[in-house]
Protein chains: 2
Amino acid sequence: MATDRTRAAILNAAEQLYAERGFSDVTLRDIVAAANVNLAAVNYHFGSKDELIAELFVTRSIATNRERLKELKAAEDEGRGRAPIEAVLRSLVGPTLRGCLGPDRERATAARFMIRASIEAVPPIRKIRNREISHLRRFAAAMGRSLPDVAEVDIYWGLHFALAMAHQTIRDGERLDKLSGGLCDLDDVDAVIARVVTAATLALTARRTGAAGAKAQRA
Amino acid sequence: MATDRTRAAILNAAEQLYAERGFSDVTLRDIVAAANVNLAAVNYHFGSKDELIAELFVTRSIATNRERLKELKAAEDEGRGRAPIEAVLRSLVGPTLRGCLGPDRERATAARFMIRASIEAVPPIRKIRNREISHLRRFAAAMGRSLPDVAEVDIYWGLHFALAMAHQTIRDGERLDKLSGGLCDLDDVDAVIARVVTAATLALTARRTGAAGAKAQRA
DNA sequence: GATAGTTTCATACAACTGTTTGAATTGCAA
DNA sequence: TTGCAATTCAAACAGTTGTATGAAACTATC
């Protein structure tokens with residue numbers, strides 16, 4: 001119990017490698033080489049490769065959710081229970097976008113690991129991932145409080161689209177950068193968040209009556 | 001040269017398995033078992049596993065791009081060179097969404113394979129995938145013709161967001177279904193396409209002056 | 001129907017995977 | 001220091017992977 005240094009080294013190396021190259025391309029031998037520990041240490045400390053991944057995912061998942069909920073609570077407290085929809089959306093996509101695109105390298109690794117986890121959906125993660133649904137439900141509820149006139153189905157679509165835009169921006173930002181010839185600035189994280197939040201807000205509010213949608217059709 | 005049946009059987013089985021379970025989870029032995037051919041047939045007909053994947057990707061990539069461009073051309077011809085932005089966006093996201101969510105199982109396999117390819121980005125695909133950029137550039141140009149007042153940077157972001165929403169709907173539609181308790185109907189493909197197109201259109205047109213964005217901020 | 005070229009097949013190969021083993025080493029309490 | 005548990009280590013394990021081999025089966029041409 002004296003030194004958990006080995007454990008920590010494995011966790012750090014694994015997270016970084018998984019974030020960079022994905023789960024299927026990283027072997028235990030890659031991890032132990034990066035962590036400078038013995039091969040058997042992984043099984044000794046974690047039991048198996050899957051349990052290592054699961055522990056990594058659970059830890060990061062809890063941290064991300066806590067950060068989101070903290071921002072959501074702050075926004076709702078400020079508005080005495082009803083936060084502006086933009087604030088709700090920002091608390092949903094902000095932490096991940098800031099984590100992945102921001103300058104803090106340690107946070108970027110953590111955030112990118114979570115993106116990998118949501119993309120590759122390797123077995124040990126798939127089992128745990130259902131909890132995320134209940135987490136997202138709390139945001140759907142908060143969005144419903146912000147927009148009481150919007151139908152429930154539209155709330156879910158808006159939540160889905162917001163996550164889609166944030167997610168894809170992180171995952172395929174490189175393509176957007178190439179496509180636009182560097183015109184789209186991904187380093188200005190706040191501007192990116194604002195774009196995602198604005199786009200999602202428009203999708204949510206325009207659907208309310210259908211009039212805005214029809215207007216857009218004619219434009 | 002008499003029977004290319006083996007070749008075709010391998011291609012079909014491989015595409016289906018890759019679409020269902022992803023690249024890293026499917027082995028050559030899985031493929032040849034599903035295709036009812038000998039293990040060595042893959043290397044005999046394609047040279048290697050990577051070349052099989054590459055051929056599959058190139059074929060499907062060309063087909064998808066052709067379908068998109070056909071719809072785009074039809075829309076632009078009808079408007080004498082300037083299609084409504086909704087029509088341009090529909091020609092961009094329509095083929096893939098219809099393919100993945102529609103009832104045609106063969107098309108669904110092809111479309112889901114392409115989604116896998118864009119997600120997992122396995123080495124043999126990564127090399128070819130750069131061509132996609134130039135394909136998307138043609139849509140950015142068409143969008144620019146539809147919305148001459150919108151800044152180029154906003155066009156790229158709108159294109160990016162449209163693909164993001166379509167993409168994520170296919171990839172994680174199951175989560176949306178669970179989250180909404182079945183409220184969000186993914187089987188009504190036209191309705192899904194309309195949602196994506198409308199949301200992207202709003203994001204594109206609202207950014208023009210910034211007023212709509214500000215209005216949305218107050219809502 | 002013999003021959004040459006193509007395609008199939010069972011089998012083996014070398015490399016790599018996650019995991020296990022048992023001995024060596026370490027750290028700490030008595 | 002002695003003794004005991006926790007940890008590290010090199011080595012090997014069994015299983016799977018993509019690929020290669022050479023013989024067998026087939027097909028078409030003469």
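First the proteins, then the strands, lettered A, B, ... as listed; each starts at 1.
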Distances under 3.5 Å between protein N/O atoms and the N/O atoms of nucleotides 16-18 of chain D, please, pair by pair.
from, atom 1, to, atom 2, distance (Å)
dG18(D), OP1, Lys49(B), NZ, 2.7
dG18(D), OP2, Leu28(B), N, 3.0
dG18(D), N7, Arg29(B), NH1, 2.9
dG18(D), O6, Arg29(B), NH2, 3.0

(request) For Ile62(A), check side chain to side chain contact (heavy atoms under 4.5 Å, CB included) against everything at least two apart and list the hits. (result) Val58(A), Arg66(A)

(message) Measure CD1/Ile31(B) against P/dT19(D) and give the value in whole Å, please.
(response) 11 Å

(request) Please list all pairs passing the ring pair (Phe, Tyr, Trp, His ring centres under 6.0 Å) test where one or both residues lie in residues 6-41 of chain A, with sequence neighbours left out. (result) Tyr18(A)-Phe23(A), Phe23(A)-Phe113(A)

(message) For Ser118(A), give me all partners under side chain to side chain donor-acceptor pair (under 3.5 Å), at least two apart in sequence or on another chain.
(response) His167(A)

(message) If I take atom CG in residue Asn38(B) and atom C1' in nucleotide dA12(C), what distance separates them, rounded to the nearest angstrom?
(response) 13 Å

(request) Determine the interplanar angle of the Phe161(A) and Trp157(A) rings, folded into 0 to 90°, and report it as parallel if under 30°, tilted if 30 to 60°, perpendicular if over 60°. (result) tilted

(request) Can you tell me the distance, in whole Å, between the CG atom of Asp4(B) and the P atom of dT27(D)? (result) 14 Å

(request) Measure the distance from OH on Tyr44(A) to C1' on dA10(D) and round it to the nearest whole Å. (result) 17 Å

(message) For Arg129(A), is there an ion pair with Glu132(A) - N to carboxylate O distance below 4.0 angstrom?
(response) yes

(message) So, using side chain to side chain contact (heavy atoms under 4.5 Å, CB included) as the criterion, who are the partners of Asp50(B) when residues are at least two apart?
(response) Ser48(B), Pro124(B)

(message) Heavy atoms from C-beta onward define the side chain here; which of dT21(D), dT8(D), dT20(C) lies closest to that of Ala40(B)?
(response) dT21(D)

(message) Let's see if you get this right: which residues in residues 17-24 of chain A place a heavy atom under 4.0 Å from DNA chain C?
(response) none

(request) Could you pull out all residues at least two apart from Arg60(A) that satisfy salt bridge (Lys or Arg N to Asp or Glu O under 4.0 Å)? (result) Glu15(A)

(request) Rounded off to whole Å, could you give me the CZ-to-C1' distance for the Phe46(A) and dT7(D) pair? (result) 14 Å

(message) Side-chain N or O of Thr6(A) versus OP1/OP2 of dT8(D): is the shortest distance under 4.0 Å?
(response) yes

(message) Once ring pair (Phe, Tyr, Trp, His ring centres under 6.0 Å) is applied, do any residues pair with Phe139(B), and if so which ones, sequence neighbours excluded?
(response) His135(B)

(message) Expressed as a whole number of angstroms, how long is the span from His45(A):NE2 to dT19(C):P?
(response) 15 Å

(request) Could you list the residues that satisfy side chain to side chain contact (heavy atoms under 4.5 Å, CB included) with Ala63(A), not counting sequence neighbours? (result) none

